[in-house]
Amino acid sequence: MTIAVDFDGTIVEHRYPEIGKEIPFATDTLKMLIKDHHRIILWSVREGQLLDDAVNWCKERGVEFYAINRDYPEETTDNNQNFSRKLKVDVWIDDRNIGGLPDWGTIYRMITHHKTWNDVIDEEISHYRLKAHDEHSRKKKHWWQF
């Protein structure tokens, strides 16, 4: 699977143009996805030295991207009239998603188990309904108990 991931607000907290603190488990999850043979593309508004700083920050933590702001590493804008900044990826991980950014554990589970956000929400609702039902069943007392 090819996955595009944003940097600011997704891998690290928003502190642009500085680099914020890592969002918990972001780099660990990205390394696991890379180990699982997914292609991870960094998709960032950063350019020039600010982009280099972000890439180096990730590399220092063991995250090396398949490509950066392009579909594949060799793609260039030089004399390429077909170049499009719109990536051709299977999944986007971005803090600007509707509903915000799930925690990185949920993101990993969604990708590895091919779950949608609706699947995750439905599972959580079912879990809480079962838990509430079990608690209600245990609390139920009858007047004739001795």
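The structure presented is a predicted model; accordingly, all values stated were derived computationally and were not measured. When reading the values below, keep in mind they use all heavy atoms of this one structure, side chains included, and skip hydrogens, waters and symmetry mates.
- The closest side-chain heavy-atom distance from V63 to K59 is not below 4.5 Å.
- Inter-residue side-chain proximity for N97 and W117 is flagged as unmet; no heavy-atom pair is nearer than 4.5 Å.
- By the 6.0 Å contact criterion, CD on E47 is open, its count of non-hydrogen atoms from other residues, nucleotides or ligands being 12 or less.
- Taken from CG in N118 to CD in E123, the straight-line distance is 11.0 Å, to the nearest 0.5 Å.
- Under the 4.5 Å side-chain contact rule for hydrophobic residues, I107 and L42 share a cluster.
- Sparse packing is recorded around NE2 of H37, with 12 or fewer heavy atoms of other residues, nucleotides or ligands lying under 6.0 Å away.
- A salt bridge links D8 with R46: the closest approach of a Lys/Arg side-chain nitrogen to an acidic carboxylate oxygen falls below 4.0 angstrom.
- Here the side chains of E124 and R129 are not in contact, with every heavy-atom distance at 4.5 Å or above.
- The closest side-chain heavy-atom distance from L50 to Y16 is below 4.5 Å.
- Atom CE in M110 sits 10.5 Å away from atom NZ in K115 (nearest 0.5 Å).
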Under the criterion side chain to side chain donor-acceptor pair (under 3.5 Å), I'd like the reasoning laid out for D119 against H114: C-alpha separation, chi angles, the key distance, then a yes or no. CA-CA 9 Å; D119 294 336; H114 306 285; over 6 Å; no
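- Donor-acceptor pairing under 3.5 Å is lacking for the side chains of D90 and H38.
- Residues V120 and R109 are in side-chain contact: their nearest non-hydrogen atoms beyond the backbone lie under 4.5 Å apart.
- Between Y72 and A67, the shortest heavy-atom distance links the atoms C-CB, 3.8 Å.
- Annotation: R61, atom CZ; neighbour count of heavy atoms from other residues, nucleotides and ligands within 6.0 Å is above 12.
- With no hydrogens or angles considered, a side-chain donor-acceptor pair links D53 and Q49 at under 3.5 Å.
- Between H127 atom NE2 and D122 atom CG the span is 14.5 Å, to the nearest 0.5 Å.
- P73 approaches Y66 most closely through the heavy-atom pair CG-O, 3.0 Å.
- Residues V91 and M1 approach most closely at CG2-SD, 3.4 Å, considering heavy atoms.
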Under the side chain to side chain contact (heavy atoms under 4.5 Å, CB included) criterion, do V55 and F7 qualify, and how do the steps go? CA-CA 9 Å; V55 170; F7 184 73; over 6 Å; no
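- Linking Ile, Leu, Val, Met, Phe, Trp and Tyr whenever their side-chain heavy atoms come within less than 4.5 Å leaves I41 and I111 in two separate clusters.
- Qualifying salt bridge (Lys or Arg N to Asp or Glu O under 4.0 Å) partners for D28, counting only residues two or more places apart in sequence or in other chains: K31.
- Under a hydrophobic-cluster definition in which Ile, Leu, Val, Met, Phe, Trp and Tyr are linked whenever side-chain heavy atoms come within less than 4.5 Å, directly or via other members, W43 and I23 are assigned to different clusters.
- Residues F65 and L87 do not share a hydrophobic cluster, clusters being chains of Ile/Leu/Val/Met/Phe/Trp/Tyr side chains in contact below 4.5 Å.
- If you chain together hydrophobic residues whose side chains sit under 4.5 Å apart, M32 and V5 fall into the same group.
- Considering only heavy atoms from C-beta on, L101 stays 4.5 Å or farther from D94 through its side chain.
- Formation of a donor-acceptor pair under 3.5 Å by the D6 side chain with backbone atoms of I93 is not found in this model.
- With 3.5 Å as the limit, one finds a donor-acceptor pair spanning the side chains of D36 and Y108.
- For the pair E22/T27, a side-chain contact is recorded, criterion being any heavy-atom separation below 4.5 Å from C-beta on.
- Rounding to the nearest 0.5 angstrom, the gap separating the OG atom in S44 from the CD1 atom in I11 is 8.5 Å.
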